[in-house]
Amino acid sequence: MPCSQTLAGIPADCATSRGGILEAWIGNAADIATKELTDDIITGITLTEGGAKLKHYSFKKGTGSMTSTLTNDPTNGVRFVTTELALTFARMETAKRIEMDALAAADLVVIVKDANGKLWYLGYNEPVTATAGTGQTGTAATDGNNYQITLTDQSDTYPYEVDEKALAAVID
């Protein structure tokens with residue numbers, strides 16, 4: 001029997017919509033105790049007792065992106081969304097190498113701020129994990145010298161929007 005859903009439609013949107021992401025906050029998934037949803041927006045996040053706050057990650061304009069891809073197989077009853085967060089950090093150096101290693105080994109949660117000022121939560125159903133990374137010097141003087149990392153989230157749905165007050169509660 002087919003599944004029936006209540007559809008609401010999507011009205012025309014005349015507002016400007018910019019691409020890209022501006023910044024990210026990343027932490028250990030084990031440090032998040034609860035996430036409160038109100039009207040399908042995360043309005044509250046609490047840390048575990050003694051849990052560390054999320055850390056801020058900055059990168060140059062135009063070097064980060066977030067892409068969510070729906071996988072739907074009605075025959076097998078499978079539907080999930082894979083979100084890939086690609087970040088590039090300029091200049092290879094020891095402190096960044098150590099941080100890349102830590103990100104690659106950890107189970108994470110990530111809050112991303114897009115170029116429209118919206119905040120998005122990755123890691124709602126399962127921890128975010130690193131799935132790719134590179135360090136490169138480039139060849140020519142104008143080539144990038146950087147570390148790149150891809151963090152991947154698999155969730156039941158597209159990333160949830162996060163209220164700014166919820167973010168403020170879990171960062172310094």
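Since this is a predicted model, take the numbers as computed values, not measurements. Residues: numbered from 1 along the sequence shown. No hydrogens, no waters, no symmetry mates; every other heavy atom, side chains included, goes into these values.
- Side-chain atoms of Trp25 and Val170, non-hydrogen and from C-beta on, never get closer than 4.5 Å to each other.
- Side chains of Tyr147 and Glu99: a donor-acceptor N/O pair is absent below 3.5 angstrom, by distance only.
- The shortest distance between side-chain heavy atoms of Ile21 and Leu87 falls below 4.5 Å.
- The number of heavy-atom neighbours closer than 6.0 Å to CD of Glu23, taken from other residues, nucleotides and ligands shown, is above 12.
- Under the 3.5 Å distance criterion, with hydrogens and angles disregarded, a donor-acceptor pair is assigned to the side chains of Thr134 and Gln148.
- At least one donor-acceptor pair closer than 3.5 Å links the side chain of Asn116 to the backbone N or O of Arg18.
- When each of Asp114, Ile111, Val162, Ile42 is paired with Trp120, the side-chain contact (heavy atoms from CB on, under 4.5 Å) condition holds for Asp114 and for no other.
- The minimum heavy-atom distance linking Met92 with Gly135 is given by the pair SD-C, 4.0 Å.
- Side chains of Thr131 and Thr150: a donor-acceptor N/O pair is absent below 3.5 angstrom, by distance only.
- In terms of heavy-atom proximity, Ala24 sits nearest to Val110 at CB-CG1, 4.3 Å.
- Of all heavy-atom pairs spanning Leu85 and Met66, the tightest one is CD1-CB, 4.2 Å.
- Taking each heavy atom of Pro127 and Asp107 in turn, the nearest pair found is CB-CB, 3.5 Å.
- Annotation: Lys53, atom NZ; neighbour count of heavy atoms from other residues, nucleotides and ligands within 6.0 Å is above 12.
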